[in-house]
Protein chains: 2
Amino acid sequence: MTVRTADRTLDIFENFAHRQRPITVADLARELSLPTSTCFALVRTLVDRGFLYYLRPRGAFYPTRRLGWVAEAIGHHVPIAQNVRPLLEALRDATGETVILGKLQGQGVIYLEIIESRLAIRYTMTVGAVRELHASSIGKAIVAAMDEEPRERLLAKLKYPKLTEHTIRNRAQYMKSLDEGRKRGYWTNVGESSPDVMGVALSVRIFGDLYGINLVGPQSRFDRHLKSYVDALKATVRKVGAVRMALCSD
Amino acid sequence: MTVRTADRTLDIFENFAHRQRPITVADLARELSLPTSTCFALVRTLVDRGFLYYLRPRGAFYPTRRLGWVAEAIGHHVPIAQNVRPLLEALRDATGETVILGKLQGQGVIYLEIIESRLAIRYTMTVGAVRELHASSIGKAIVAAMDEEPRERLLAKLKYPKLTEHTIRNRAQYMKSLDEGRKRGYWTNVGESSPDVMGVALSVRIFGDLYGINLVGPQSRFDRHLKSYVDALKATVRKVGAVRMALCSD
DNA sequence: GATAGGAATTCCTATATATGAATTAAGATC
DNA sequence: GATCTTAATTCATATATAGGAATTCCTATC
């Protein structure tokens, strides 16, 4: 179903991202629960490719800057990064809250851009994280905007696992929540994925594809500022929807 | 000897770094000369992990910012990056030429830091690249600084493949070149790896390990400025050698 | 300088994976 | 709207790989 070695390759880099210092083969094997020989072969491959280097022969190793170089080359040309990100940053600055750009991915929502709040109490999440569709404001906004028949196919597969006391647990509740969003003009997640966390979301088409944008943060702040947050979100979505493909020839 | 799937995982990211736009499974499989099904499984894994995302279902995909996030987390804490890089940048600014920090890796030299010249005609190379030991000024500086017996072991394994008209082709010539360097106080590579490219290098110990630093560029400029280049390099090496472990507890 | 302990590295084979072929789905064309 | 084309996805099996055990190589300690 999934390629083990690829997973492990990513594990290695993510492990370095956490530890942030050199490590030996034996220790890395322990940390990742791998047989030493397996870990050794993997490390050798990454060293051969210039992604890791030994500080001394047979000693500890660390990533070179090559991964950073590759990531930079990739990142600078994402159409979304160029055109949409600045607008999301403006929204973060206007509201002070964390802003997320998400997209349907299988039966979840993947977080593509996260512009973090600068406030002490804030919502924090990793880029690339995939969250439950039924407990996400972005998810609701996107599902509400989908065509009848792909939505049907999607909903047929949805489970509604309990994440908090307020998690939506079945399709009827979910449809009701979507409808409330339609009437209200925006979709919410009030403590449905984590306690005290609230999000408000809208969907938007970018280059023909469907995305969701939300504001997330502590429920208390959202209670106080809801109206202005929603207005700011709506304004942003209008601007994002107006972005044209000018810069993205192919 | 090397793990195929890990290689392919890196291939995918490097491929995106070159192409810089979304691609479908079939096209990626073609580009990497993989069976579609193999490519598909790999992509699914990377998507599951949040490193790739589909712009639309069954359509083209592109890396998320997760790789960038990981690379950033890794990069900011390399002891060398923190302590040594600024000194190398100063050397680049003082001379105008490309500055490289390298290290022995197997029977080659791996490029760990590359501070590129800003001049129109410059030496350009990718971080993580591994170059031939016998045709590298950094290589000579490092080998010259090694202890007798590890050096013997290393030299016993060295081949001397021809890269240009001036490449050193055997051990005798190599030893002679090392000796000239010792007398002169610095080591050189004059068109031995690529035509018209010249480098001057010194070795330096950082946190107890052996590295090499060089200046590389077009031979014509080096002919004109050799003395000042070498002086600047020596001054930099002095400063780098004085860097202490203060910031690198473990 | 010898010895011991621990790690890196190699080696062999059970096992997981890669892949060619088959199937299903989407989208283009008439 | 039906047919055709192309691509995505699944599946069974030959094949490459993972991992336990053995070996070699360091390095710390006596």
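A note on names: the letters A, B, ... follow the listed sequences, proteins ahead of strands, and every chain is numbered from 1.
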Query raised in the report: Do NZ/NE/NH1/NH2 and the carboxylate oxygens of B:Arg8 and B:Glu14 come within less than 4.0 Å?
Result: no
Query - Angle between terminal axes - the helix from C:dG1-D:dC30 to C:dC30-D:dG1, 5 pairs each end, rounded to 10° - result: 50°
Query raised in the report: What about the rings of A:Phe16 and A:Tyr62, do their centers lie closer together than 6.0 Å?
Result: yes
Query - Results of side chain to side chain contact (heavy atoms under 4.5 Å, CB included) for A:Arg171 - residues two or more places apart only - result: A:Glu152, A:Leu155, A:Tyr160, A:Met175
**Report entry** Straight-line distance of B:Leu67 CG to A:Leu67 CG, nearest 0.5 Å
**Finding:** 4.5 Å
**Report entry** salt bridge (charged side-chain N to carboxylate O under 4.0 Å, His left out) pairs, two or more places apart, involving residues 78-88 of chain B
**Finding:** B:Arg85-B:Glu89, B:Arg85-B:Glu113
Report summary line: Residues in residues 33-40 of chain A with a heavy atom under 4.0 Å of DNA chain D, by number, are A:Pro35, A:Ser37, A:Thr38
Query raised in the report: Closest nucleotide of DNA chain D for B:Arg153 versus for B:Asp27: which of these residues is on the 5' side?
Result: B:Asp27
Report task. Provide the start and end nucleotides, 5' to 3', of the part of DNA chain C that has atoms under 4.0 Å from heavy atoms of chain B. Result -> C:dA18 to C:dA26
Report summary line: By side chain to side chain donor-acceptor pair (under 3.5 Å), B:Thr2 pairs with (sequence neighbours left out) A:Thr45, B:Asp7
Requested in this report: Give the intermediate values and the outcome of side-chain hydrogen bond (donor to acceptor under 3.5 Å, both in side chains) for residues B:Ser136 and B:Asn189.
Outcome: CA-CA 6 Å; B:Ser136 151; B:Asn189 160 9; 5.9 Å; no
Report summary line: Of the candidates D:dA7, D:dA16, D:dA18, the side chain of B:Arg4 sits closest to D:dA16
Query raised in the report: Is any side-chain nitrogen or oxygen of A:Thr5 closer than 4.0 Å to OP1 or OP2 of D:dA18?
Result: yes
Query raised in the report: For A:Leu42 and D:dA16, what is the distance between atoms CG and C1' respectively, to the nearest whole Å?
Result: 15 Å
Query raised in the report: Do the charged groups of B:Glu192 and B:Lys140 touch, with an N to O distance under 4.0 Å?
Result: yes
Report summary line: Assign each of A:Thr2 and A:Arg58 the nucleotide of DNA chain C bearing its closest heavy atom; nearer the 5' end lies the nucleotide of A:Arg58
Report summary line: Value for CD1 (B:Ile74) from NE2 (A:His18), rounded to nearest 0.5 Å, stands at 10.5 Å
**Report entry** First encountered from the 5' end of DNA chain C, between A:Phe61 and B:Ala41
**Finding:** A:Phe61
Query - NZ (B:Lys176) with more than 12 external heavy atoms under 6.0 Å - result: no
Query raised in the report: Is B:Arg56 touching bases, backbone alone, or none of the nucleic acid, heavy atoms closer than 4.0 Å?
Result: nothing
Query raised in the report: Sub-3.5 Å donor-acceptor pair from the side chain of A:Lys103 to the main-chain atoms of A:Tyr111, do we have one?
Result: no
